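Because the structure is a prediction, the values reported are computed rather than measured.
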Amino acid sequence: MTDPALHPWDLDPAAARRLQAELRARLSLAWDGRAVSTVGGIDAAVPLGPEGQQVARAAIVVLSFPALEPLEAVTAEVPLTFPYVPGLLSFREAPAILAAWQLLQRRPHLLLVDGQGIAHPRGLGLASHLGLWLGLPTIGVAKSRLYGRHAPPGPAHGDRADLLSQASAAQVIGTVLRTRPRTNPLYVSPGHLIDVPRAAEFALRCVTRYRLPEPTRWAHQVAGGAALPPPPT
DNA sequence: GCGACAG
DNA sequence: ATCTTGTCGC
């Protein structure tokens, strides 16, 4: 089953920015109350190699929720055709991620993506873009800030601070979340089909003993070549 | 014109 | 993102 193509990916930066502004209008930040018994994690890596033809290697993992037992993992490699440009990450990584998506046996009910959701200059980070393309709830979980202002969150696990829009400081676009004591916080923002509070809660409920939530943490490991522990039977 | 800038 | 091991601190 192939998802209908929303738009082409081979665009130049200027066209990509215009497309983002257009797609942003289609986002929904409403949670519909669906049941969540599986969560997915998405990340991409760029393997080292002869400077010739670089590829993007995407990894998608599926874990049970709320137990967080790894169930499945897939990877896909696609030639890189778009440079890294802050604000246009989806045009570089999404093609590989969508290729990996086609290999998945079981589709998760919710996705945690390594990158921003709506906490983005045009309100359409990688997590939002993927959510629209896949028609699923997505949450952006970034390790650093791209857009937005905030006060420093408290030092304990679970402490948080609102991430505010730089355009209108009254707009809360995400949560700066401390997942490990005295460790750099995560930037969590809704991608699609979820609101700010729930995005932070789901992300926190996916955290165990590490800074990154399990879905994104495993996706990162798998993208780097690691294997998943044997699934429970 | 000068910084800032997911991965 | 990527080049890279051990090590200091909570």
(Q) Measuring from atom NE2 of H157(A) to atom OG1 of T179(A), what distance do you get when rounded to the nearest 0.5 angstrom? (A) 7.5 Å

Q. Got a salt bridge between E201(A) and R198(A), using NZ or NE/NH1/NH2 to carboxylate O under 4.0 Å?
A. no

Q: Flag the pair F65(A) / H109(A) as yes when their ring centroid distance falls below 6.0 Å, and as no otherwise.
A: no

Q. Can you check side chain to side chain contact (heavy atoms under 4.5 Å, CB included) on L130(A) and L111(A), steps first, answer last?
A. CA-CA 9 Å; L130(A) 288 174; L111(A) 292 167; 5.7 Å; no

Q. Considering only heavy atoms, which members of residues 144-182 of chain A lie under 4.0 Å from some atom of DNA chain B?
A. S144(A), R145(A), L146(A)

Q: Using atom CD1 of I97(A) as one end and atom C1' of dA1(C) as the other, report the distance to the nearest whole Å.
A: 13 Å

**Q.** H129(A)-W9(A) aromatic ring centre distance below 6.0 Å
**A.** yes

(Q) Rounded at 0.5 Å granularity, tell me how far CD1 in I42(A) sits from CD1 in I60(A). (A) 4.5 Å

**Q.** OG-CD distance between S64(A) and E214(A), expressed to the nearest 0.5 angstrom
**A.** 10.5 Å

Q. In whole angstrom, what separates L89(A)'s CG from dA6(B)'s C1'?
A. 6 Å

Q | Separation of atom CD in Q116(A) from atom P in dA1(C), rounded to whole Å | A | 13 Å

Q.
Taking only side-chain N and O atoms of K143(A), does any of them lie within less than 4.0 angstrom of OP1 or OP2 on dA6(B)?
A. no

**Q.** Whole-Å gap separating P (dA6(B)) and CZ (R122(A))
**A.** 13 Å

Q. How does DNA chain C look in dot-bracket form if you count Watson-Crick and G-U pairs under 3.5 Å, write [ ] for pairs that cross, and put | where a base pairs with another strand?
A. ..........

Q.
Taking 4.0 Å as the cut-off, does a side-chain nitrogen or oxygen of H220(A) come that near to OP1 or OP2 on dA1(C)?
A. yes

Q) Roughly how many Å is it from CG in L80(A) to P in dG7(B), rounded to a whole number? A) 16 Å

Q: Scan G140(A) against the nucleic acid and name what it touches under 4.0 Å (heavy atoms): base, sugar-phosphate only, or nothing.
A: nothing

(Q) Distance check needed: dG7(B) C1' versus E93(A) CD, whole Å only. (A) 5 Å

Q: For DNA chain B, just give me the dot-bracket, please: Watson-Crick or G-U, both distances below 3.5 Å, ( ) intra-strand, [ ] crossing earlier pairs, | paired with another strand, . unpaired.
A: .......

Q. Does any non-hydrogen side-chain atom of L212(A) lie less than 4.5 Å from one of K143(A)?
A. yes

**Q.** Electrostatic pair R122(A):E22(A) at N-O distance under 4.0 angstrom
**A.** no

Q: Quick one: label L88(A) by what it contacts on the DNA or RNA (base, sugar-phosphate, nothing), any heavy atom closer than 4.0 Å.
A: base

Q. Within this structure, what is the CZ-to-P distance between R17(A) and dA6(B), rounded to whole angstrom?
A. 14 Å

Q: Drop me the distance from Y147(A)'s OH to R149(A)'s CZ, to the nearest 0.5 angstrom.
A: 11.0 Å

Q: Could you check whether the rings of H150(A) and Y187(A) sit parallel, tilted or perpendicular, using 30° and 60° as the cut-offs?
A: perpendicular

Q: To the nearest Å, give me how far apart CG (L126(A)) and C1' (dA1(C)) are.
A: 13 Å

Q. Would you say Y84(A) stacks on dG7(B), if stacking means ring centres under 5.5 Å apart and planes within less than 30 degrees?
A. yes

Q: Kindly compute the distance separating CG (L228(A)) from CG (L71(A)), expressed to the nearest 0.5 Å.
A: 8.5 Å

